[in-house]
Every structure is written in structure tokens, then in C-alpha cells.
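Take a look at the structure set out below.
Values below: every heavy atom of this structure, side chains too, minus hydrogens, waters and symmetry copies.
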Amino acid sequence: MANEALETFRAEAAEWLKNNFPSTLAGKGMGIEGEMTEDTRADWETWRQRLTEKGWGAPTWPKEFGGAGLSHPEAKVIAQEMGKIGAVNHIPLIAGMGVTMVGPTIMEYGTDDQKARHLPRIASGEIRWCLGLSEPNAGSDLAGLSTKAEIDGDTFRINGQKVWTSGADISQWCGALVRTDSNAAKRDGISFVLVPMDQEGIETRPIKLISGASPFCETFFNDARTDKSELLGPLNQGWSVVKRLLQHERQSQTQAGTPRATGSRKSLQEKAKDYVGTDAMGRLADADLRNRVARHLMDAQAHSLTIGRITAEARGNVEVSAAASILKNSATFVAQTRAELNLEIAGSQGVGWEGDHFSAEELGNVKDWLFGKAMSIYGGSFEVQNNIISKNILGLPETTQKD
Amino acid sequence: MANEALETFRAEAAEWLKNNFPSTLAGKGMGIEGEMTEDTRADWETWRQRLTEKGWGAPTWPKEFGGAGLSHPEAKVIAQEMGKIGAVNHIPLIAGMGVTMVGPTIMEYGTDDQKARHLPRIASGEIRWCLGLSEPNAGSDLAGLSTKAEIDGDTFRINGQKVWTSGADISQWCGALVRTDSNAAKRDGISFVLVPMDQEGIETRPIKLISGASPFCETFFNDARTDKSELLGPLNQGWSVVKRLLQHERQSQTQAGTPRATGSRKSLQEKAKDYVGTDAMGRLADADLRNRVARHLMDAQAHSLTIGRITAEARGNVEVSAAASILKNSATFVAQTRAELNLEIAGSQGVGWEGDHFSAEELGNVKDWLFGKAMSIYGGSFEVQNNIISKNILGLPETTQKD
Amino acid sequence: MAALTEEQSMIRDQAKSWVTEQSPVQKFREMRDKDVDGSYFPETWSAMVDMGWTGIIVPEQYGGSDLGYLTFGVILEECGRQLTASPLFASALAGASALLVAGNEDQKQAVLPKIVDGSAIVTLAVDEGPRHDPAGARLKAEKSGDGYMLTGDKTFVLEGMTATHFVVSARTGGEGEQGITLFLVPATATGVSREQVRTMDSRGYANVHFDGVEVGADGVLGPVDGGYPLLEQILDRARAGMGAEMLGTAAQAFDMTLEYLKTRVQFGKVIGSFQALGHRAAMLFTQMELARSCAEAALQAIDENADNVAELTSLSKAKVGDFLHDMSNQLIQIHGGIGMTDEYDAGFYLKRARLLETTFGNQAFHRNRYAELLNF
Amino acid sequence: MAALTEEQSMIRDQAKSWVTEQSPVQKFREMRDKDVDGSYFPETWSAMVDMGWTGIIVPEQYGGSDLGYLTFGVILEECGRQLTASPLFASALAGASALLVAGNEDQKQAVLPKIVDGSAIVTLAVDEGPRHDPAGARLKAEKSGDGYMLTGDKTFVLEGMTATHFVVSARTGGEGEQGITLFLVPATATGVSREQVRTMDSRGYANVHFDGVEVGADGVLGPVDGGYPLLEQILDRARAGMGAEMLGTAAQAFDMTLEYLKTRVQFGKVIGSFQALGHRAAMLFTQMELARSCAEAALQAIDENADNVAELTSLSKAKVGDFLHDMSNQLIQIHGGIGMTDEYDAGFYLKRARLLETTFGNQAFHRNRYAELLNF
């Protein structure tokens, strides 16, 4: 699309936003768990409906599935214009794993029926999805899963336990990886099924994290059922489905390292100057810290530029690019370093847990720092990404560890 | 030994040194390759003879083998007193691998005959030894060697090629690792033999290094011979011999990271101030560099303290301690970092190759930096040491890589 | 650098078995979950007093055993391993050091025996802002009768809620390092108030307010206006002691990780057999050995009254701090998901790590200081 | 950030095949071993001129193709891969940039066409001491008739032995950034002398002495006393260009290492199958991708006349510099013994790496500068 057309689109988008975004929500986010406060609940709902009518909950999805059929540059324009007025597209948040991961995978592997039933209700934020992938004894070794699904008439009967199911306690549907052939080789007996959560056979138990929050659950399947029509992709070929799904996951995590994603209005260096002060030459008084802040800001900028470059090189289609592993590790490194610096800069104000002695931002930084330690673990750990880069991108021979 | 006795010993040592060390040699070293300049050659020889009479070439060796039968603390006192007057015990240098590695191993594994014939001439610096261990296709994989020794009457007939034989072109004897049973498992068919270098069947070819120097050779064995009595340790059990030898090697390398080993009189921070200048607060003007100099000096001090601690814990006997791998990697890290800082500090004066534009120290720093890159490669590479630590010290299971 | 003596080795063994059996990390969890007043169990503290741990650095004439800082470090290291909660560090090391360094004979006789018998808990009240800055005291001490009147706030005071005495650095004149005076202030003095600071490691930190607190001449520790050099000496003893505690916390994190590497199976293999993890463990172990040398050297230098205590203390706090930082992150990373759960202990070590790093100067503080001490 | 255009990709392909076929690293070795005068082969230089490489950033009215800095970067990267020796960077990028930024119309007309046709080799003569310090010029320029008389020394001048013109920063007054003036001085001017500086990377560096050199008014580049901001602009273009060359040198080191990882057998396996080495390669590759983005962004910012050229240039020089530093060390480490031999090429890359890092400000210089630009 030519630049001119894009600018026309930008003007239209800004105009629509001006008329439709509830001003009461300006500058408000949704928090890690996608919660909304009582006093704005009605406005969030209005905003959701308007976004849905416009198809902007998942703007790049086809219109027939609840999207707006827009290009990636157009979607970026919308995000930019929203950013200018403090608006957030909260549908990807309230849809759980729906917009970012399950939806794109259904788009690719789903039957027409599955697409028609599931996608519009994801794009509208009506249905929250969780993912049942990891199991207690198979952390990074996803293919080692043992949750079993047996065909029983028109349904699958599911038994087993999942862990790290994000938001399972508040989701209506779950995309689950299950073993459908115990005799086949590890990766050849796995299927991907879509499972309704509201049934007796499923029990969820939130896991309290070191940050104090409980965004994940243990999920127990005890003769749980789903219809045979909810099999996504061919039987026993769930491994290909989940590989694709994980590529979408990595892609969704690459933005974490960019400054905009950190949510703080003041730059790191300004915050550092506030806490630490400056020396006679106007430099951050703690010379050692200054150095590491500079390195971090350079790393963050290098990461942003790399996202930009790879996006441009892929002509807008990086979602399943080979670069996702690089970007995931880089994003994680930048975000975790920033979280550590946030703490260090604030000194004894940076180590609080609760109470008036600490500001909301200070306490939030601690929780973000703790929660952020998971970034290098989930969605394919730091080590797993390095295995992928080494084997799939660099073509080095298989090590003892399989991806 | 009580402190008092040690102080008496110190006084005696100082007195002897005052009377016997040729003052012309004060402050003079021997250079990487153990060369001496023409004008001091006679003095070095005098000094060698006097050291030999005293048994101070290898002071901790038993008197019957040319040593002085001293304790480690006493040997340390001698070294300290020599340091005070700028004296160097050059016998370990002119003996090549004799004093540090071959000698201690003969002491442990040799027959009475071998000890009597070889040790005194090592302790006196008359015989230089080299080691034939590595082979072109078996860098870190020492046990993969293919140089063959076959028994032929009263002799071994040796054929094959060694590489990285330090000073082979100027040595009189070589300790060589050879395959004596091709049918046995890799490590079970290896023997350690002592081979005279002055024979037709041996050809040496110096290897020019990136530093410009050629301290190592390729060494070709072409029907070379050595007497059967020169087998060190039992036949086909050379692997145990060489493991011990390599422990001596690691031990001899652990000192590299201590400040005294760097040979420069001015401290790194003083040199940095000379080249870089200071800011208004008296700090090194380059704040980023200052930071890394501080980190390096701390690393160096931590390394020194660790040598001290482990020595004390081992009650003077660390030569074959399990800590050798840790100390080797730490020593290497400290020495290589210091070499990099030497270059960086001097800026465009730190990158010279030859010519009047650069001082002798500046040029020497470049050569040392280049040569020092080998520290993490030879004597068991950085990676091999980590394998050893992980397996032998921490008890982690065997990886795909064997030590 | 000497190896530990037989006596020190024996004390280590005793401390290790007491801590492991009587005060393992589960006890810390219990304390946290119950939100115990004062942030430690009184019976833990009594047991420590009974074992004589409160008198380790106190001369015999004041009721102690005078075994020195290196010996104390051995005990702190073991406590650090299990996150044992008590005022042992704050009072019997830091507080006692203040008396030893700056107290006159009367003050020593009055307070040290109480530190030893556990009836007094003496703690340092030094910092006023978020960053460690011993020369930045602004708490005002004005001449008042025979003594002084103190007005101002101290923050981040260790075991501040249960302390019976505060060693307070106050401004009696000048600026920066000049014009600082140390005071010993009873927590019961009129005008002293305090509030708990809830840190993420659940240790007993507090803010302390001094609102026109009258302190008699007998409450002045050391010379008026000349307290800064003494304060630095006291802090160095505290920092060196903290180095030992940090080493213990990090060493336990290492041991937990090593154990996990040997038992956790992924891809059909024990994960410690993956070379990338095996080498990482090797490098962490190397870092630990180097850190241990620094921690012990600083304590020993204090015992020997060496002239490089400041240098070695900054070395210890920085190198042990770096190791603790890296190790606490790797503890979580290598444990993966399980390490992220509150149910598992890893998070305690991660949170405690940052508190220990921050207290009495973080790694950056001590690297800067080290460079200054070396004059560059 | 845009991807390369088709034209740029085409130029990359052409450059790659010419460099690989006509000027591979063996040619550099030959130059070094023969100690060729001027430190490059004249035929290499002619070929570059013939291919139009000397006119890439020069506008068409001065005989160039005006394709911009990003395009030039593509060529420099390929040259950096094979260590191709020539004054291309010094003259056609740095020298031409000086004319473009600071030259008046007459000066451009007089010199740029000669840069393009290769008859002029224009190089920057900025530093006087061992550390990069553009504001530290002490070389004196005193008013003399219509022009100036220059007295002083410049060091570490790239291709200084074959240069036909020097762009000299001189002190006409003030101190620091004030009072600096730029001059264009023919190498043949009376009073100019030079001597080769033999650096470890065998590139053509020289010291240049100015002994009362008379320069006419037409030799003043830009405003008198106000040359510093222009000098910084010129240097940033040179630094950004050097970033591209550095990236090429490092990328080749990476490729050599990757190839070795795939072919070298130890312990019965290809060494790239050892996870510790596989992960190291993965991390180096990640670092390379990030470095590439920085290098290209800086060049593109120059082409777009963006207002953050300085920031992006320091980012590029520092990040590419860090990658080159680490990569050159790993090149040796992973190759083991063979990498230590002069017979193998690895040492060339290691030595060249440190020269490139040092020239026009090393990583530390640019990290400090980046922080200053961001005002902290």
C-alpha cells in the first residue's frame, strides 16, 4: 500500500477512535491478568462491542472471521493511533490465548466448521482460550506428554494433568495437546483437540507464583469430554499443529523488549537520575550503574531495530519467521535486564513487597521483575531457543538434546 | 615449620643470594622462549652452576635427584628473596618442560634407573625436555592419538606426527605419548616413552604463531627409536601417566593470573591514568574503561586469594588438587582480560607490530596478548576444564563429550 | 590466607547441623506465612544465645568468647543457607561491632554483655534515602544540655522493629564525611517511633523516626564530629559479615541447583548431562570458589587488624554479590516452571538475594569504592 | 528500517563475487608477506574505481552515482569480509564525506571528481594522541597572509602513506570544541612529512608532521573556529561506514567458525554437536543479527538526514564493535591450535578487529558518548 493511502487510512482511523473510544479509559491498561476495575467495567464492554463491530479486535483477520481484513501496516497504524490517545485494544487480552495463538492456528489447520464456530467469538473477545500444553514431568520436553485422549463414540475421553495453563480457571475453551496413540513414537501419537472448559471432568487449581499472582493453573482432566469434531488438524499429527502454534507464541513475545512494552512513562535514565542523582558533570552519580544503563538502552534499541529490520525484510510477514527464536531470546534478555535495573536503581525502595512505604510503581516493578523471570522459561526456554537456532538456523548437527 | 625457623632460613637465603647472584642479571628475565642475550650468556651459565650446586634449580626435589629437599614454604621464601633483588631461577625455563612437568612425573612413575639418569640433569638445567602429546587430528581429544610405537628388539620403533611440541627444535629429550596397542580401547593402548631427540628418525619444524614467535614445533617420528628401558610407567598404561602429567601442567598455569606474573612494574590503573588521563574528580577519564579495570583488578585479587586459600587448605600440596581446573580457567580469564585491557588502554599505541613509533612495552603487550590466546586452548582447553569440573568435581553425569 | 582452624571447622559442623535440623528453610516459610511479629521466632533467637553465637566477636571480659569475625562468618554462612531469621547479624555482629569500634569502656560494659545474653538487640541506623550513603546523613543532632537532641528519619533499619538500641549516624556539623557523630539511642527513648517496612524477603526492616529525641553525653559513641571513619570501620565489619551470609545463601542455591541437575529428567536424560548446563554449573562453581576466598579474606583481615580491610570488604561484597545475583537467577532458570512457584523455595532465595545485595552498598557501590581506594 | 532495495542487493552480490574472486584474504596475505608499498595493490584500487565504488556517495554533478551510505555499507561489508586492502574507506567514504559536509562548491568541484576517478586519495587526520579525541586538537593553525600556517603532528592517519590530501583538524583558537578549524592540505605541500606506522593488522597507517605548512584561504573547509560540529558529522559518517566494514569482518569470522564447527571432528563427533559450542554459536549469531540492525540503521539515518545520526552511529560502532571483539576471540578459541598459527587466517581477523575497534572511538568511547547524547 502506498504511503499516501496509508496516511488517508490513518486519518480515518484517528477520526473513528475520536468518536468511539470511551475517554474514561484513556491511559488505562488491563493488568497482567486482564482484570478491569468495577467503575470502568461498563465502558470496557462498550469499547469491546465497538471494536468488534469494526473488526479491530483482530484487525488482520479476514472479515468473515470477525476481523477487518487489514494489512499489517494498517494494523500498525491503528495501534499507533490508539497509543496517541492512550487507548488499548483489550480484546487480545480478554481472549486469553485466543487472538495471539489459538486463532491463527485454527485459521491454518481448522475445518470450515471450526473456523466459523470459534474465530468470530475470539475476535470479539467473548470467549477466552487457554492452552493445555505442558505437563508436570515434561517441562521443556513437550513431546514427553502423557495426558491421554481415547475415542469413545462421538467424543474424545481425556484423562491426565496439564500445568502452566494460563488462565484456565477463567477460560471457556482450551486447546489441548493429548496423546492419542501410545504405541507410536513420541511425536507421532499426539493430537491437538479443542476442549470446552465448563464440564465436570475438568478441574483447575491456580498456582501461586513467586510474584504472588496466580495467572496459571494446574488443570486436571478426569474423563473430560470433547466432540470428535473438535480435533484440530489430522489425528496423531498434533505435533505439527503445536509447532506452528509455538511459532506464533514466540512471535508474540518478541515485542517484550521494546521500550513501549514496559509501560513506564519516564525513561529509565530519568528514573535513575531521580533516585541516584548526578555528579558535577551531569552524569549519573553511580558511574558503574550509568555504564550498565547505557549498555541496556543500547541493547534495547538494537532489539527494536532488529524487529524493524526483520519485519521489513519479511515484507510484513514475520509471524512464523526463522528469526523468532533470536528475537525471543533478545526480547527476554532486554526485558529481564530492564527489570533488574528498575530494582537496582531504586535501591532500598526497589525491594518492597507491600505497604505505603513503597509507591505503586515501585511495588509493580518488583512483581514485574519476579513474573518476568518466567520469560526465559515458558514458550520454549532460553536453552530450547538456542537449540533451535543452532540446529534449524545454523544447521549444526543434532546434539544429545532434541528441540 | 615454625615461623621462626623460616625467618632464619630467609636470612640465610638472602645472604647466599647476595654473595652468589651475578648483579649483571638483576631485573633481567629470559623472554618467552628462554633466550639469553650474548653479553650476559657467561653470567647466566655461572648463575646456573651456582644454583645447581645449591640444589635450588628445583628446590623441593630430593637432594639425591639434584634438588635441595626443601619444603614448599621454604621454596616460596627463596622465590620471594630472589624477587627482592630482581633474580630469576632460570633453570625451570631452560629445562623446558623438565622441572615443571616431566620431572615430577618421573619422580612418581619412573624406575630407580630412570630417576637417577634423568632427574639430576633436569634439576641442573643441562637437559631441555619437550612433550609430544597433541596430534594434528586430536587437539583436545588427546586419547585419539595415532602415533605408533612398536617393540623391535630392545627398542621402541616410533612412527607418527606430534604437534604443539614446545621447544622441540631445541630440546634434547621428549616425553611422548604413543599408541602401543591398536586393538585396545582408545585409552587402554597408550604408553608414555622418553625419547632422545638427537637422532635421524626425528624431524622438527617450528610453527610460526600469530604473535610472530615460533615456540612450538611439528615433530615427525620416522622410525625413531628409544630404548625399552625408557618406558615410563607400565606398558599400555600411559593414560594414567599423562593424566598426572596434565595435572602438573594445570597447576603450573594457575599462577598466570596473579599480578606478579604479568611482568610489568607499573600497575594497570597507573598505566591507564597515564594514557587516558583523569577527570575533575581524579577518576580515570574514560568511565566505561574505569569500570572494567576495577572489575579486572577485583577478579585478579579474587584469583590470588583463591590460590592462597586452596594452598592453605591443601596444607601446601595443591599440585594435583581437584581445584586445578578451576584455577586454570580463572588464571586464563584474568590473564587474557589483562592483556586485552593493556591494548585498550594504550589506544592506537596499543596495536603496533614493529617500529620506533611504539615502545618496547607496547609491542611486548601486543605479542603477549596474541600468545596469551593460547592459554585457553592448550593444557586442556577452557571447554575441557569445564567438562572436568562438571564431571569430576560436581559429579554431573557424562555428557556426549568425554574428558 | 589460612584454612579454617579445627575449632572453626567444628563450629561449622555444629552450626550446619543445628540450622539444618532446627531452623531449615521450612521454618522461614512458616514465619512468613504466619507473618510472625518481629519477623523471627523468639525460640530461634534464644537457641542462638544459648549456643553462644551472640558472643563470638565479643571479648571475654564482656561475656563473649572472642573467637573473631572469621568464626562468626562460618555461622552466618550456615544461617544464610537456610535463611534462618533472627537478629544475629544485626545485633551480635553489626551492633556489637559498633560498640567494639566506637564505644568507650563504660558503654562496652553496659551494652556488650546484654548483646551476648540476648537481652539487647543493637542495630545500625545509617541510611536515610534509597541508596546506601554513609556520608549523606542529614538527621540532625543539636547540642541540648549535657547531651544532644536528635531529629530526623532513618530508613531500611535491619531488625528495626525488635531492636532495643539504635546506633545512629547524625549530623552535628559540616557536610559529607565531616561533622558526623554516632549515637547509641535506646528504642524506648521519648520521641523514637518506628514502622515496619515490608520487603519482599520478609526480613525485619523498619523505618525509624527521631522526633526531638534527647540523648545524654553517655550516648555519644566516639568523637563528636569525627564519627565518619569509625562508621566506615563498623560498616566494613557489617559488610564483611554480610558477605559470609550472602555466600551461604548463594551456596545453598548452588547446591539446590546441582541436585536438580542430577535428578530432573527431560528428553529422556538427566538435565545435568546436557553440556550447556554442565558447563554453566562448572562456571558457577568456579565463581563460587572465587567468591568464597574473598569473603573469608575480608573477615580474616578484620581479625588480623590488617590495613586493607576496606579494600577486601568491598571486594567481598562485590564478588559475593555478583555470584549471589547470578546464582539466584540461575536457580530459577534451571529449575524452570517449578522454580517460579511460591510453593517451592527458590523464590525465597531470589528475593533474599536482592535484599542482601542492596544492604550496605550493592556491587556497583563497592566496585566504585574499590576503584577509589586504589586511587583511580 | 527498510530492507535492502533490489539495487542494493544486486550491488551486494556483485561486490561479494568480485571480492571473493579477485581479492580474497589470500591476497591480503600476499600483500602482507611482500610488505607492499602503501599496504595495498594498485590494481585492486583501479578495479574499485572502475566498478564505480569510489563514487557511491558522491552526487552525480561531481561524477558519482549518489547511491548513498547504506549502499556503500554493503560494499564495505564485503571488503571487510576478505580484509581487502585499499583506500576505499579512507578516501571514498571518509574523505568524500569531509568534502560533502564541509566543502564549499569550489572545493567540491575541485576534489570530489578526483576522489571518484581515484587520482586523489583524501584521508582524515584528526587524532594526535593514543586515544580518539576529536575535541583535543592541538595542531596549531596561525593566520599567515591570506591563509594559515599549520604546525603540529597527526597520528594514526588511515592510508596516510598514499594519501594525496589530508583533512586536518587544527586549533585556531579557544579550547575543546571551540576554536577548531578544518583544512584540506595537499600531501605535497612544503613542510608535510610522513612516516609509516606498522600496526599489527598491516593496514596503511601513518604519522603525519606539519612543519609550518602554508595553506591558502581556499584550503579552509567550513567556518573558521566553527569546525567541530562539522568534524563530528564527518566522523559519524566515517564511523558508520566503519561499522559496516567491521560487520563484514566479524560476519566472515562467524562463517569461518560455523564451517569449522561443522567439519572438525573431536572425540568421534563433529564439534558443533557439542551443546556448549552449539549454544555459543547460537548466541554469537543472535549478537550478529542485532549488530547488523545497528550498522544498517546508522547508515540509513545518514541517507535520510535523520536527527539521531550521532546516537545511531555510536550504537553501531559500540554494538558491532562488541560483536567483532567477542567473535574474533571465539574465532581463535573454537579453532583451537590451528587458529593460533600464522599459516591460518584467523589471526588476521583478530588483529584487524582490534584496529577497527580502536579507530574513531572504541566501544567505551561510544558507550560514554551514547549516554551523554541521552543526557545522563
Side-chain angles (χ1 to χ4, degrees), chain A residues 257 267-273 276 278 281-285 287 289-295 297-315 323 325-330 333-334 382-383 385-401, chain D residues 1-4 9 254-255 257-259 261-263 269-298 300-301 308 311-312 314-320 322-323 363-364 366-376:
Chain A
S267 74
L268 190 71
Q269 64 269 36
E270 286 305 319
K271 282 193 285 183
K273 290 203 292 194
V276 180
T278 52
M281 288 174 290
R283 297 175 172 184
L284 202 58
L289 173 64
R290 173 178 184 260
N291 204 284
R292 285 176 292 120
V293 168
R295 281 177 188 264
L297 293 175
M298 293 177 111
D299 288 339
Q301 191 171 13
H303 177 70
S304 291
L305 291 169
T306 304
I307 291 182
R309 177 171 68 84
I310 289 177
T311 307
E313 285 176 0
R315 308 276 175 230
S325 290
I326 292 163
L327 292 175
K328 200 236 164 186
N329 274 357
S330 167
F333 175 72
V334 169
F382 170 74
E383 291 80 7
Q385 304 302 339
N386 278 338
N387 284 342
I388 294 173
I389 295 169
S390 141
K391 204 184 83 181
N392 298 357
I393 303 184
L394 302 181
L396 288 173
E398 185 99 25
T399 67
T400 56
Q401 183 161 343
Chain D
M1 193 66 213
L4 294 188
S9 297
F254 180 85
D255 289 352
T257 304
L258 185 60
E259 180 60 25
L261 284 169
K262 290 180 181 176
T263 49
K269 285 172 196 267
V270 162
I271 61 173
S273 70
F274 295 123
Q275 199 189 35
L277 295 184
H279 280 199
R280 201 180 299 164
M283 289 186 275
L284 288 166
F285 182 70
T286 303
Q287 211 183 339
M288 178 163 70
E289 287 297 302
L290 291 162
R292 172 174 297 286
S293 310
C294 299
E296 293 186 4
Q300 195 176 10
N308 61 346
E311 183 182 317
L312 287 170
S314 279
L315 179 71
S316 167
K317 192 74 173 50
K319 293 297 291 180
V320 182
D322 276 346
F323 172 54
Q363 291 91 289
H366 287 288
R367 280 192 294 265
N368 281 322
R369 183 173 181 245
Y370 187 89
E372 274 161 31
L373 288 166
L374 266 64
N375 194 30
F376 71 95

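Note: D:L315 leads D:N368, D:L315, D:T286 in heavy-atom pairs under 4.5 Å with chain A. Listed options A:Q385, A:R283, A:K273, A:R290 were ranked by heavy-atom pairs under 4.5 angstrom with chain D; first place goes to A:R290.
Results of the side chain to side chain donor-acceptor pair (under 3.5 Å) test with D:D322 over D:K317, D:R367, D:Q287 single out D:R367 as the only residue that passes.
Neither the backbone nor the side chain of A:F333 comes within less than 4.5 Å of any heavy atom of chain D.
Atom NE2 of A:H303 and atom CD1 of A:I326 lie 11.5 Å apart (nearest 0.5 Å).
Residue pairs satisfying the salt bridge (Lys or Arg N to Asp or Glu O under 4.0 Å) criterion with at least one member in residues 273-286 of chain D, sequence neighbours excluded, are listed as follows: B:E383-D:R280.
For D:K319, the salt bridge (charged side-chain N to carboxylate O under 4.0 Å, His left out) partners are A:D299, not counting sequence neighbours.
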